[in-house]
Amino acid sequence: MADRDFLSWPFLAPRHKDWAAEVEAWAAANAERLSEGETDEACRNLARAMGEAGLLRMAVPESGKLDVRALCIARETLARYSGLADFAFAMQGLGTGSVTLFGGDELKARYLPAARSGTALAAFALSEPEAGSDVAALATTARRDGDDWVIDGSKTWISNGGIAATYVVFARSGEAAGAKGLTAFLVPADTPGLTIAERIEVSAPHPLATLRFEGMRVPDSHRLGAPGDGFKVAMATLDVFRATVGAAALGFARHALDLTVERATNRQLFGGPLFDQQVTQAAIAESAVDVETSALLVYRAAWLKDSGTPRVSREASMAKLHATEAAQRVADRCVQIHGGHGVVRDHPAEKLYREVRALRVYEGASEVQRIIIARAERARSEETSPCKPKN
């Protein structure tokens, strides 16, 4: 059993401890079993089962208020049991987060209940073939035509692509240059002009696809936020969910640390347990420190957001950067301690290594997080410096 002492930290409220127990019990009984089989169907089964159990109420809240600490607890817990279970939960939140935060009442009433029940999968369509981390470079266009918008372009690396019932799509509407000229829309999957151009196979199986839009008409009532506010919509959504990527990494790292300690304790080497080797103890100690520091950064960022801090881009980026990079180190040590078994296809250590790797790329690669953090530090320095340079 992974360490749960963090539930007593001051970052969390008593309700979070109850929520953690609820998710833990469900995951122990269902996550691994429902993750088996063909990937698309497993994702559908996981979402449906989580909806039936009421777990998706935190990812798609009726109140319209997202509890980031609850999201982090869920992702950390689910990731310890199954990367696909974590993925299914997270996408129901990320895929509807922009609707929860910026959608009108009619749009929320029409689409969110099915997502909350797990009967309709959701997706967040931001990345493009030539515009991933650089949102200002989006090329997909949205042209106003009466009461509709006509959208042309493509999106790629879209999680739940090909199986989602709805997509939150960001397009260049032209109100201004760069990031200031984007608008967000909720697009049902059966909208004419939307096609699945390609399904993408990746090292840790997840449903991913490239979408194509050709003369796709979307009513203005499906717009999220004001015209030109698409960048604001995207960043506000990512501000909520970026720290939860760190939480998923934390869950993977806790699992890897548990496997490492178990292997080191049970494996005999040179007449005694592998654990007795100083180099093994050093690896375990380093992994334990990586796990604890990740937890502190993740739950601090979540607590700040829940406490009403308007923007937590710096703190969320720190949490994602450190937790995902640390989880890779912990997973790598886990593979090393397992020796040859650690590189056998579908061995628990090998699967963890593949699962963790993607987290260092999606929702802003580690390099992008470093840029965000560095720029935030420069801004903080300029604000507090007693001798600012004169223009």
Side-chain angles (χ1 to χ4, degrees), residues 1-12 20 69 71-83 86 90 204 242-265 267 274-275 277-304 314-339 342-343 347-370 372-374:
M1 171 64 74
D3 175 40
R4 310 301 281 161
D5 289 347
F6 76 95
L7 292 170
S8 299
W9 290 355
F11 291 129
L12 302 172
R69 287 169 292 177
L71 294 172
C72 286
I73 287 170
R75 293 203 65 180
E76 178 189 338
T77 303
L78 292 167
R80 279 195 290 109
Y81 286 91
S82 161
D86 162 64
R242 184 160 280 158
T244 77
V245 181
L250 175 59
F252 288 132
R254 287 198 195 277
H255 187 190
L257 178 56
D258 285 347
L259 289 175
T260 302
V261 173
E262 179 184 8
R263 173 68 173 178
T265 301
R267 171 75 163 115
L274 178 59
F275 184 89
Q277 303 296 318
Q278 288 186 342
V279 68
T280 303
Q281 294 177 19
I284 290 172
E286 289 169 357
S287 291
V289 172
D290 276 336
V291 165
E292 289 298 309
T293 51
S294 295
L296 285 164
L297 285 169
V298 165
Y299 287 106
R300 178 190 70 153
W303 170 74
L304 283 170
R314 170 180 174 271
E315 292 78 11
S317 289
M318 286 182 171
K320 182 186 186 293
L321 172 64
H322 181 83
T324 56
E325 294 289 327
Q328 193 74 70
R329 294 191 295 269
V330 177
D332 186 70
R333 295 184 196 112
C334 181
V335 168
Q336 196 72 13
I337 292 295
H338 279 80
V343 293
H347 183 280
E350 188 269 346
K351 287 177 66 177
L352 274 171
Y353 191 89
R354 285 188 285 114
E355 287 280 8
V356 167
R357 188 60 184 86
L359 273 65
R360 295 168 57 202
V361 175
Y362 75 71
E363 286 190 44
S366 292
E367 291 75 12
V368 174
Q369 304 313 313
R370 292 186 176 99
I372 293 170
I373 294 165

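Numbering of residues begins at 1 and proceeds along the displayed sequence.
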Subject >> Leu296 CG to Leu250 CG distance, which is reported to the nearest 0.5 Å >> reply: 10.0 Å
**OP:** Compare every heavy atom of Ala248 with every heavy atom of Arg75, then report the nearest pair and how far apart it is.
**Re:** NH2-CB, 3.6 Å
**OP:** Could you tell me the separation between the CG atom of Leu259 and the CG atom of Leu352, rounded to the nearest 0.5 Å?
**Re:** 6.0 Å
Subject >> Results of side chain to side chain contact (heavy atoms under 4.5 Å, CB included) for Ser82 - residues two or more places apart only >> reply: Ala31, Ser35, Leu84, Ala85
**OP:** Mind checking salt bridge (charged side-chain N to carboxylate O under 4.0 Å, His left out) for Arg69 and listing every partner two or more places apart, or none if nothing turns up?
**Re:** Asp306
Original post:
How would you list, by chain and number, every residue that makes a salt bridge (charged side-chain N to carboxylate O under 4.0 Å, His left out) with Arg314, sequence neighbours excluded?
Top reply: Glu377
Subject >> Any donor-acceptor pair under 3.5 Å from Lys320 side chain to Ala249 backbone >> reply: no
Subject >> Step-by-step side chain to side chain contact (heavy atoms under 4.5 Å, CB included) determination, Gln336 to Thr260 >> reply: CA-CA 9 Å; Gln336 196 72 13; Thr260 302; over 6 Å; no
Original post:
What residues, two or more places apart in sequence or in another chain, satisfy side chain to side chain contact (heavy atoms under 4.5 Å, CB included) together with Arg354?
Top reply: Ser203, Ala204, Pro205, Arg345, Asp346, Glu350, Lys351
Original post:
After noting the C-alpha distance and the side-chain angles of Val356 and Thr324, does the key distance pass the side chain to side chain contact (heavy atoms under 4.5 Å, CB included) rule?
Top reply: CA-CA 7 Å; Val356 167; Thr324 56; over 6 Å; no
**OP:** Name all residues meeting the side chain to side chain contact (heavy atoms under 4.5 Å, CB included) criterion together with Glu367; count only those two or more places apart in sequence or in a different chain, and write none if there are none.
**Re:** Ala365, Arg370
Subject >> Results of salt bridge (charged side-chain N to carboxylate O under 4.0 Å, His left out) for Glu292 - residues two or more places apart only >> reply: none
**OP:** Mind checking side-chain hydrogen bond (donor to acceptor under 3.5 Å, both in side chains) for Tyr299 and listing every partner two or more places apart, or none if nothing turns up?
**Re:** Glu76
Subject >> Ser317: side-chain hydrogen bond (donor to acceptor under 3.5 Å, both in side chains) partners, not counting sequence neighbours >> reply: Gln369
**OP:** Would you name the heavy atoms of Ala323 and Val298 that are closest together and state the gap between them?
**Re:** CB-CG2, 4.2 Å
Subject >> Validation row: Thr280, Arg267 side chains within 4.5 angstrom (heavy atoms) >> reply: no
**OP:** State which residues pass side chain to side chain contact (heavy atoms under 4.5 Å, CB included) with Ala283; sequence neighbours excluded, sorted by chain then number.
**Re:** Arg333
Original post:
Between SG of Cys72 and CG of Leu12, what distance do you get to the nearest 0.5 Å?
Top reply: 9.5 Å
**OP:** Go through the structure and list residues passing side-chain hydrogen bond (donor to acceptor under 3.5 Å, both in side chains) with His338, not counting sequence neighbours.
**Re:** none
Subject >> Non-hydrogen atoms of Ala243 and Ala316 that approach each other most closely >> reply: N-CB, 4.2 Å
Original post:
Can you name the residues that form a side-chain hydrogen bond (donor to acceptor under 3.5 Å, both in side chains) with Ser366, not counting sequence neighbours?
Top reply: Glu325
Original post:
Hey, what do you get for CZ (Phe275) to CD1 (Ile337), rounding to the nearest 0.5 Å?
Top reply: 10.5 Å
**OP:** Could you grab the distance from atom SG of Cys334 to atom CG of Asp258, nearest 0.5 Å is fine?
**Re:** 9.5 Å
Original post:
So, for Ala288 and Leu257, which heavy atoms are closest and what is the spacing to 0.1 Å?
Top reply: CA-CD2, 3.9 Å
Original post:
Taking all atoms of both residues into account, what is the closest heavy-atom pair of Val335 and Val343, and its distance?
Top reply: CG1-CG1, 3.9 Å
**OP:** Report the distance from atom CZ of Arg329 to atom CG of Asp290, rounding to the nearest 0.5 Å.
**Re:** 4.0 Å
